[in-house]
Every structure is written in structure tokens, then in C-alpha cells.
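Only one structure is covered here, and it is reproduced in the block below.
Order of the sequence lines fixes the chain letters, A, B, ..., with proteins taken first and strands second; residue numbering starts at 1 for each chain.
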There are 2 protein chains.
Amino acid sequence: MIDAAGLRVMRAIADEGSFTAAALSLGYSQPAISQMVRRLETRTGTTLVERVGRSVRLTEAGAVLARHAGPVLSALDAAEEEVAAIAGLRSGRVRLMAFPSASATLVPKALAKVKAKHPGVSITFSEGEPRESLAALRAGECDLAVAFVYEGTDLGRGEEDLEPFVTTPLLDDEVLLAVPRSHPLATSTQVDMAALQDETWIAGCPRCRGHLLQLASTAGYVPDVAYETEDYVAVMGLIAEGLGIAVIPDLILKTVHHEDVVALPMTPASRRHIVAVTTPDLQRVPAVKATLDALVESAEAAAKWAAQSSGR
Amino acid sequence: MIDAAGLRVMRAIADEGSFTAAALSLGYSQPAISQMVRRLETRTGTTLVERVGRSVRLTEAGAVLARHAGPVLSALDAAEEEVAAIAGLRSGRVRLMAFPSASATLVPKALAKVKAKHPGVSITFSEGEPRESLAALRAGECDLAVAFVYEGTDLGRGEEDLEPFVTTPLLDDEVLLAVPRSHPLATSTQVDMAALQDETWIAGCPRCRGHLLQLASTAGYVPDVAYETEDYVAVMGLIAEGLGIAVIPDLILKTVHHEDVVALPMTPASRRHIVAVTTPDLQRVPAVKATLDALVESAEAAAKWAAQSSGR
DNA sequence: GCCATCCTATAACCAGAAGTTATCGAGATC
DNA sequence: GATCTCGATAACTTCTGGTTATAGGATGGC
């Protein structure tokens with residue numbers, strides 16, 4: 001019934017003492033004020049201003065409205081400013097989730113970028129395997145997830161449903177075969193998956209295990225998985241001791257290096273795609289967008305560095 | 001830019017959890033909410049709600065708006081209620097001025113009526129001769145004045161300018177000649193003004209003095225005014241002691257009665273009109289209107305009583 | 001796996017709020 | 001008494017904020 005614009009007008013009249021001056025101070029024309037007051041008067045059913053001579057004076061009811069204008073308008077301004085701060089990246093919060101090996105380099109770099117560019121934006125970060133982070137995204141407990149998809153597992157179908165989300169490719173991570181330096185194949189430049197039928201295998205996380213099974217399946221056999229651990233330091237240790245071999249993404253090999261383990265390209269080549277996942281709506285939230293952009297930048301830098309490093 | 005309606009919608013969405021439920025709770029249709037949110041989003045330049053599956057969830061910015069809705073809306077409601085109270089006569093203040101002899105009966109009766117009917121309305125009352133009360137009315141220091149005009153002095157012209165005001169007749173007060181019981185004319189039923197050329201006069205307030213001068217002037221002489229006082233009790237005392245005679249309005253004679261003074265009708269008959277005066281705007285203010293109505297009622301009752309009393 | 005159901009988005013439309021310019025009339029000023 | 005200023009009014013335009021009707025996508029039961 002009564003709105004902020006009305007209060008603003010009444011306050012201007014109280015402050016300025018005339019319709020014309022109030023109109024000027026609000027950037028309106030004089031008749032606009034005249035009509036607005038009349039509208040308010042019919043709405044409230046009371047006289048709000050007293051037209052005396054060529055000036056006007058507020059009645060009691062009019063003074064009441066003018067008096068209430070202050071609190072209401074400043075509260076509105078506060079709300080507007082708060083939203084503007086979020087829109088202008090002077091404020092805002094992003095809840096980011098990423099799988100563990102992404103946390104090592106990609107995420108920290110991106111966080112640093114955002115922090116440098118938009119100090120007001122706070123990012124809360126937690127680790128989680130793709131399955132968890134996507135569930136959190138779906139549940140609204142997370143705004144942006146860094147996940148991965150193994151090449152070959154159909155995007156959009158299968159265990160994780162990427163349908164309601166938008167994915168942004170970050171890195172293509174080649175999956176390599178990790179064997180002990182003492183292994184007969186350690187000197188090969190390339191290894192055929194089909195030639196590994198009799199090996200003993202070490203599997204990583206459940207999804208990685210699934211990927212291994214799929215690779216073997218395409219090659220026509222079921223691998224003998226002797227060990228399972230999500231701790232890749234442990235995996236490297238196991239390999240170094242000759243207890244088995246494993247398929248390990250390049251990105252992980254870059255972080256947990258072991259001198260007694262060599263990594264070899266495989267045929268058929270296998271990759272995992274590291275992607276940032278969010279919803280179309282959240283992607284438009286400035287802070288989320290900024291974080292996403294930072295992730296893309298960091299990923300590009302990492303890819304360049306990787307290319308150089310593999311080049312020499 | 002951002003208004004109360006928008007906040008109300010955002011709060012409803014936050015409370016109800018869906019556009020449809022919010023629409024229902026606000027009495028709108030569902031598309032109205034949908035559009036309102038979109039409008040707000042384009043205005044703020046930020047995503048406010050996250051459309052997830054068949055439900056919606058507020059983003060950080062959306063939550064900010066919903067959070068601010070409470071204070072703003074309740075402040076608006078308070079303003080509205082306060083104005084409604086004034087409009088509904090549950091509140092309100094009237095600044096009433098009346099000339100002294102009106103204060104004796106007319107005004108107290110009217111005040112009592114208003115107080116009984118609208119206990120929330122407070123009336124501040126002060127005495128003042130017509131000149132003062134009209135000045136106060138003009139200056140906005142008074143909402144309603146009870147004044148009088150002597151018949152013969154042109155309404156609307158002369159010393160007090162009644163032009164910008166609206167006047168409501170209250171009583172017609174006959175002006176009588178007050179003489180001591182011992183006066184030769186005391187037994188007359190009617191006295192001609194022309195026959196009083198050689199009397200010694202007592203004048204009341206300046207205006208009453210002016211009226212006396214005018215009456216004498218029409219009768220063709222200048223009266224010998226020996227005493228002037230605004231205190232009518234004193235006037236009566238002076239008359240009773242045979243120090244002079246006076247023209248006194250009936251209403252005053254009713255209140256300050258003296259057994260040694262008799263009041264006689266005069267020819268030509270002279271009256272003063274007692275009126276309530278206010279501005280067209282103020283007359284529409286409920287509390288002022290109620291007080292005015294009460295004055296009219298009290299005046300009618302007084303007139304009836306006077307008719308009976310003069311009848312027997 | 002399909003169908004019923006529930007939710008949001010969109011289109012097309014409509015009324016009224018809210019602004020404009022142009023002009024009038026009344027008060028105040030010199 | 002002429003002039004200047006201020007408010008009211010009229011006529012018109014624009015755009016906000018609603019409506020109904022309908023399409024489209026997600027969810028959940030059978």
C-alpha cells in the first residue's frame with residue numbers, strides 16, 4: 001500500500017518545504033510530486049499536506065510518514081549496497097570443493113589469484129572426490145566443484161549425472177602406467193595395455209579402480225588387483241617395492257614422485273579430463289565466476305608448464 | 001532501484017522454498033513471482049536464486065535481500081499503522097483555540113464529546129481572541145479556531161481576513177444591553193440604541209469596543225466609554241455599581257451572571273456569529289473533523305437549551 | 001520405463017502507476 | 001497593479017507489475 005518512493009517524497013517535502021524544491025532535490029518535475037502526494041492521500045485516506053498560501057506544510061499524518069522515511073530508506077540502501085558489494089566482487093563467498101590431487105597445485109594457485117584480485121571475496125575450500133562434490137553441488141552445499149571424468153566413461157551418463165550442471169574443461173591429464181624401475185618394461189617408450197594381462201595391480205580410489213577395470217576390459221581381461229589405497233604416496237611405495245603396477249594420472253605423478261618408479265605412456269592412450277563443475281545459475285554469481293576464471297587460468301598455466309617439462 | 005515489494009517477494013521465497021508457494025502466500029500468481037525475481041536480478045546485476053531441479057534456492061545475494069526484508073517491511077508497516085491510526089481516529093492531535101467566553105461551555109462540552117467517542121485523539125486547547133487564533137491558524141500553529149464575527153462587520157473583509165479559511169457557523173449570539181437593576185430603562189422590554197446617547201459605557205475586548213462604536217455610529221453618535229476591561233466579571237461589577245452600561249453577548253451573560261444587572265434586547269437587534277474556523281485541508285483531517293463535528297453538536301444543544309430558557 | 005504431477009519459464013496481454021509537458025490560477029513581492 | 005513563483009490540473013506517454021494460457025523440465029509412483 002505505502003512504498004519507499006512515497007516516503008522519499010514526503011521526506012523531501014518536509015526537508016525542502018515546498019513541492020517544487022522537493023521535486024528539484026529528487027530530480028522530478030513539480031507535477032510528479034503533486035500527483036504523488038495526492039496518490040498517497042487517497043491511499044491513506046488522510047490529508048498529508050496542508051496547502052497554505054503558496055507554500056505547503058505537513059499535517060500530523062504527513063509528518064509521521066516523513067519521520068519514518070529515514071529508517072526505511074537507509075535500510076533499503078544498506079540492502080542495496082550489500083548486494084552491490086557481492087555483484088562488484090567487493091564481497092561474496094564461494095564454497096569450493098576439489099578432489100585431493102587437484103588440491104595440491106591447481107586449487108591453491110587459483111585461490112591465490114582470486115585473493116589477489118578480489119580481497120573481499122572469501123573462498124571456503126574442502127576436499128572431496130567427484131562423487132561427493134557433485135552431491136554437495138546438487139544439495140546446494142557447494143558452489144563450485146573441481147572434478148574429473150575418465151575418458152571413455154560417457155560424460156553425462158553413468159554414475160555421476162552431469163546433466164543439470166555446466167562443466168568447464170581445465171586440464172587433460174594423461175593416465176600413465178607406473179612400474180618399478182626394475183620392471184622389464186621400464187625401458188619401453190610405450191606399453192600396450194594388452195601386454196599387461198599377467199601383472200599384479202594396485203588400484204587407487206574407487207573411481208580409479210573402475211577406470212582400471214574398464215581399460216583391462218577393453219583389452220580383454222580382468223586385472224589382478226592385489227592392493228587398494230587412496231593414498232598415492234603409498235601406491236608409489238608399493239610399486240617401488242615391486243609389489244605391483246598401477247595406472248596413475250600424470251598430475252598425481254608430478255606431485256608424488258618416487259625415484260624408483262617410472263611412468264610410461266600407454267596404448268591405447270587414456271586420459272582423464274579435469275573439469276570445473278557448477279550450475280548455470282551459480283556460474284553467473286560474480287564470485288563464483290571469478291573463481292572459475294582463476295581456475296581456468298591456473299590450469300592453462302599448468303598445461304603450459306607441463307608441455308615444457310615433457311618437452312625437455 | 002530496489003523496493004519494498006521486491007524484498008517482500010524475496011522473503012516469501014526464502015520462507016516458502018518455491019516460487020509457487022511464495023506466490024500463494026502473497027496472493028499473487030506464480031508468473032508474477034518469476035518475473036519479479038528476474039527484474040530484481042537484472043536490476044542488481046546478480047543471480048538471486050538458484051534454479052535447482054524443480055525447486056529454487058537463494059544465492060548469497062538473494063539471501064541478503066531476504067534478510068533485509070524483515071526490518072524494512074516492519075518499519076513500513078509501522079508507518080502505515082501510525083497513519084491508519086490517525087485516519088481511524090485511534091490517534092491524532094488537534095490544536096484548538098477559542099476565545100475566552102467560548103471556553104466556558106461550548107468548548108468543554110465538545111472536548112468531552114470527542115474524548116468519549118475517540119479516546120485516542122488528544123486535543124490541546126488554548127485561549128485566544130479571534131485575531132490571535134486566526135493568526136495561529138495561518139501560521140500553522142493551530143488546527144481549529146473558535147472565533148466570532150459581529151453582525152454588520154463584513155465577513156471576509158476588514159481586520160480579519162477569512163478568505164483562505166472555511167468557517168462553520170456554531171451559534172448566533174444575541175448582543176444585549178446590560179444595565180443596572182436601578183437603571184430607568186431596566187424595566188423596558190426593548191431598548192433603542194439611539195436612546196442611549198448620553199449613557200456612560202463600559203467596553204470589553206478591543207473588538208467588542210469596536211462593535212460598540214459601530215452600533216453607536218449607526219445610531220448617530222459617539223459613545224462615552226469610561227471603562228475598558230476584558231474581564232466580564234469586572235464589567236458586570238461596574239454595571240451593578242451604576243458606573244456605566246454595556247453591550248454584552250448573551251453567551252457571556254449566561255456564564256457571568258449578576259443579580260443586580262438586567263439584560264435587555266436592543267433595536268436594532270445585534271448579533272455576533274460564533275463560528276469554527278479552519279482550512280479546507282485541515283478540515284479533512286479526521287481528528288479535526290471530529291472535533292468540528294463535536295463543536296457543532298454542542299452548539300446545537302446549547303441553542304436548544306437557550307431557546308427553552310428564553311421561552312419560559 | 002513410462003506416466004502423472006508439480007514446478008518454473010515464457011508469451012501475450014492489460015491496467016494502472018508514475019512520469020512528462022503545457023497551462024492555469026492564486027499568493028506574495030516590489 | 002504588474003510580475004514572479006508555486007501548486008493544481010489536463011492530456012499524454014511509458015513502463016512497471018500484474019494477469020491467463022501454455023510450454024517444458026524434473027520428480028516420483030506404478
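- Within the 3.5 Å criterion, the main-chain N or O of B:L282 finds no donor-acceptor partner in the side chain of A:T47.
- As rounded to whole Å, 12 Å separates atom C1' of D:dG7 from atom CD1 of A:I33.
- Proximity of A:S18 to the phosphate of D:dG7: a side-chain N or O atom is located under 4.0 Å from OP1 or OP2.
- A straight line from CZ of B:R138 to P of C:dG27 spans 11 Å, rounded to a whole angstrom.
- Comparing B:Q30 and B:M36 by the nucleotide of DNA chain D that holds the closest heavy atom to each, the one mapping nearer the 5' end is B:M36.
- For the residue pair B:M97 and B:G128, the shortest heavy atom distance occurs at CE-CA, 4.0 Å.
- Here B:R39 does not reach the OP1 or OP2 of D:dC15: none of its side-chain N or O atoms lies under 4.0 Å away.
- Nearest heavy atoms, A:L48 versus A:A61: CD2-CB, 3.7 Å.
- For D:dG7, one of the phosphate oxygens OP1 or OP2 lies less than 4.0 angstrom from a side-chain nitrogen or oxygen of A:T20.
- Remark: A:R138 does not engage B:E50 in a salt bridge, criterion side-chain N to carboxylate O under 4.0 Å.
- Nearest to the side chain of B:R43, among D:dG17, C:dT10, C:dC7, sits D:dG17.
- Residue-environment remark: CZ (A:R90) exceeds the threshold of 12 foreign heavy atoms within 6.0 Å.
- Proximity note for A:Y28 (side chain, C-beta onward) versus C:dT10, C:dT20, C:dT8: the nearest is C:dT20.
- Put simply, CG on B:D3 is 15 Å from P on C:dA17, counting in whole angstrom units.
- Bending across the helix from C:dG1-D:dC30 to C:dC30-D:dG1, expressed as the angle between its end axes from five pairs apiece, amounts to 30° (10° rounding).
- In this entry the distance linking CZ of B:F19 with C1' of D:dG18 reads 16 Å, nearest Å.
- Across the protein-nucleic acid pair, A:R57 atom CZ and D:dC6 atom P stand 17 Å apart, rounded to whole Å.
- At whole-Å resolution of the value, CZ in A:R38 and P in C:dG16 are 16 Å apart.
- We find that B:E82 and A:R67 are joined by a salt bridge, their nearest charged nitrogen and carboxylate oxygen being less than 4.0 Å apart.
- With D:dA8, C:dT8, D:dT19 as the choices, the nucleotide that has an atom nearest any side-chain atom of B:Q35 turns out to be D:dT19.
- A:E16 has its CD atom 11 Å from the P atom of D:dG7, to the nearest Å.
- At the phosphate of C:dT8, neither OP1 nor OP2 sits under 4.0 Å from any side-chain N or O atom of B:S34.
- Between B:S103 and B:E127, the side chains place a donor N or O and an acceptor N or O closer than 3.5 Å (distance only, hydrogens not considered).
- Separating the CZ atom of A:R8 from the P atom of C:dA18 is a distance of 12 Å, rounded to the nearest angstrom.
- Note that CG of A:L292 and CG of A:L170 are 7.5 Å apart. Values are rounded to the nearest 0.5 Å.
- Positionally, the nearest nucleotide of DNA chain D for A:R51 lies more toward the 5' end than for the other of A:R51 and B:S29.
- Ranking D:dA8, C:dA18, C:dG19 by closeness to the A:A32 side chain, first place goes to C:dG19.
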